[in-house]
Amino acid sequence: MPNSTSTPGAAASSRQSRLDTLLPPEQRLYHDSSASSETFSSPVHLSQPSSRQPSASRTPSPLAQQIPFHDSGEEQEEAVSIIRDKLADDADDEWNAWDEETPLHPGEPGHDSNSMPSDMRPPYSRPNDGKSQSGQPLLGTPTHSGYEGGPTLPTPRLSTRKSTTFRERDPEQQAKNATKTRYTYAAGFLLLSLVSFAIQTETAVYIQHDLGWKKAYCMLWLTHGSWSLLWPTQLLILRLQSLSTPWPGFWRRHLSLLRQTAQMVQHQTLHLTPPQAKTSPVPYVLKWTALVTCALTVAGGSWYVAVDLTTASDLTAIYNCSAFFAYAFSVPLLHERLRWSKVVAVGIAIAGVLVVAYGDSGNDEAPSPPKHGNKSGGGAGGPSAPPDSEAPSRALGNIVIGIGSVLYGFYEVLYKKVACPPDGTSPARGMIFANTFGSCIGTFTFLVLWIPLPLLHVLGVEKFELPDAHTAFVLFISVIMNATFSGSFLVLISLTSPVLSSVAALLTIFIVALIDVMLPPPLYSPLSAWAIAGGLLIILAFLMLSYATYREMDEDRRKKVAEEIVEESDLDDV
């Protein structure tokens, strides 16, 4: 070790000898004393512990040279770091270019030293670009090393990676991808709901008008009670997708997901606080299950009452105004912005329904009223339906179904408000909880709402009678299709909005009219020009509303992502 009076040349020679002993043999690049006399572009500062070197010897020699290190292709546990971090701007650029998934430590799968930022690379793989950094020592302060007293790389700040990588994300692209994924799920459930609703409508009309089994409340209780099958069916599908997972672990994970999602629904937040996470969501779910079920039952019951009082055309037209009331309730309850594009789309949809319902009413040779089903399993219209002239109390029936239309719109919005996860929840989580809540509605209906059945039987309002075998088979198909439609409809509301879901259900009017042309008598019904015109208006309204809803969801999600970036930036600055 040189003393405080050593000449600069002697100090450089001593340091060179010391480095040669520390480096691996293949990296000892200087073997003679003439190396100290060469001229180099930038000095090297060797920081040694104070216990080993006097302060005078720490003065960098003007003749000291930059020692290049070349990648040997093998991991070296002991190496000397002799290149300091690049300037801050260069480091930031490298952070942005570095893939998030690249492992930080050599030897891990997928590790690529050349793709890492310069301050994270192992010392033996850093390139030597020969750039001069005047006034900047090239060796960092020793922090940890495999050998005693050797200088190594300073520990990097991992927070830099997190914040810089977060800012690297494109909020607009993220919002577009998230909205696209949500709409992809919604499109699948929309298709499933339309097919199942069309089958339910055909079977319900056949049961009531052709088979003569008119048990309004009993059918209502059966259809809503069948929703209890949604969660067991969903659980079976999920289990078949993960058979390799042991049942105890699968069950605990499923219950944990349901509990956490219910807490997110209860508090309407994606980030639960510790007190919120400890609160049981069971009382909340039970309370709102009872309230939502009561609203749904009254709305569905009004349809079954009105079907025997008014005409099929009035029933179809007034009942489907629920799309308008869904939008009307969405503004104050869900705080949706009033957009004229949505108002026009809903108006066009209702106009299409009116065209289908009343287009042929003034023609004596017109076909029978179009078939239409309701969301509670009932059906109306068709060739076997009673003519409009036989409506016993048309005005009263219209009032009853008008109340039911309002309640249906309120039920859909209420479900969205109190039983759907907040925006930003993954589509799969929203789908699982929607079917679970629907199963809660079915269970409450099956266990509680059977009570009016014996009362109605005793009072003579509705005699309880078991159907025959054929009727029971068709009734079973209708009930299962209603459960399938209802589960898909609840998922559709959860993923999009009550207004879009309600207008989408109107598409079944045109679909059923197309199916009637292909069915044999007595289910056959010709397709009129008015039905085609009304169906096209409904399709146009649905496309307009879908586009408007897509843009609104995309804007909201992009805005939220941008806000999160600002919040993350503020945290990093603190």
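Here the structure is a predicted model, which is why all the values come from computation and not from measurement.
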Heavy-atom count around [X] [atom1] within 6.0 Å, excluding the residue itself: above 12?
X	atom1	value
R239	CZ	yes
F410	CZ	no
F542	CZ	yes
F324	CZ	no

| request: Show your working on side chain to side chain donor-acceptor pair (under 3.5 Å) between T471 and W213 and close with a plain yes or no. | output: CA-CA 8 Å; T471 304; W213 198 78; over 6 Å; no

If every non-hydrogen atom of [X] is compared with every non-hydrogen atom of [Y], which pair is closest and at what distance?
X	Y	value
A306	L315	CB-CD1, 3.9 Å
Y284	V418	OH-O, 2.8 Å
M264	T425	CE-OG1, 3.8 Å
T201	G373	CG2-N, 3.4 Å
W227	A483	CD1-CA, 4.0 Å
A434	Y415	CB-OH, 3.3 Å

Donor-acceptor pair, side chain of [X] and main chain of [Y], under 3.5 angstrom:
X	Y	value
Q263	P281	no
T508	L194	no
Y183	S546	yes
S502	P498	no
Q268	V265	yes
S439	N435	no
S256	R252	no

| request: Show your reasoning for whether side chain to side chain contact (heavy atoms under 4.5 Å, CB included) applies to T316 and Y358. | output: CA-CA 10 Å; T316 301; Y358 298 110; over 6 Å; no

Is [Y] close to [X] at the side-chain level, that is, under 4.5 Å between some pair of heavy atoms?
X	Y	answer
L296	I441	yes
I403	S302	no
L475	M219	yes
I511	F197	no
I480	S226	no
I401	W303	yes
H267	T273	no
L338	Y327	yes

| task | Please say which of Y304, F464, F446, W450 ends up in a ring pair (Phe, Tyr, Trp, His ring centres under 6.0 Å) with W221. | result | F446

| K375/E412 under salt bridge (Lys or Arg N to Asp or Glu O under 4.0 Å): CA gap, chis, key distance, verdict | CA-CA 11 Å; K375 301 180 180 72; E412 293 167 0; 3.6 Å; yes

| query | Stepwise, does the side chain to side chain contact (heavy atoms under 4.5 Å, CB included) test hold for S497 with T549? | reply | CA-CA 8 Å; S497 69; T549 305; 4.2 Å; yes

| said: For Y408 and Y411, take the angle between the two ring planes, folded into 0 to 90°, and tell me which bin it lands in: parallel under 30, tilted 30 to 60, perpendicular over 60. | reply: perpendicular

| said: Please determine whether side chain to side chain contact (heavy atoms under 4.5 Å, CB included) holds for the pair I318 and T310, giving the CA-CA distance in whole Å, both sets of side-chain angles, and the decisive distance to 0.1 Å. | reply: CA-CA 11 Å; I318 299 175; T310 186; over 6 Å; no

| Please, which pairs that meet side-chain hydrogen bond (donor to acceptor under 3.5 Å, both in side chains) have at least one residue in residues 188-200, sequence neighbours excluded? | Q200-N482

| Atom pair CG (L414) and CG (L334), whose distance is rounded to the nearest 0.5 Å | 9.5 Å

| task | Step by step, work out the salt bridge (Lys or Arg N to Asp or Glu O under 4.0 Å) result for K371 and E202. | result | CA-CA 8 Å; K371 294 179 185 177; E202 295 287 355; 2.8 Å; yes

| Q266 and V285: side chain to side chain contact (heavy atoms under 4.5 Å, CB included), yes or no, with the steps? | CA-CA 8 Å; Q266 179 180 2; V285 173; over 6 Å; no

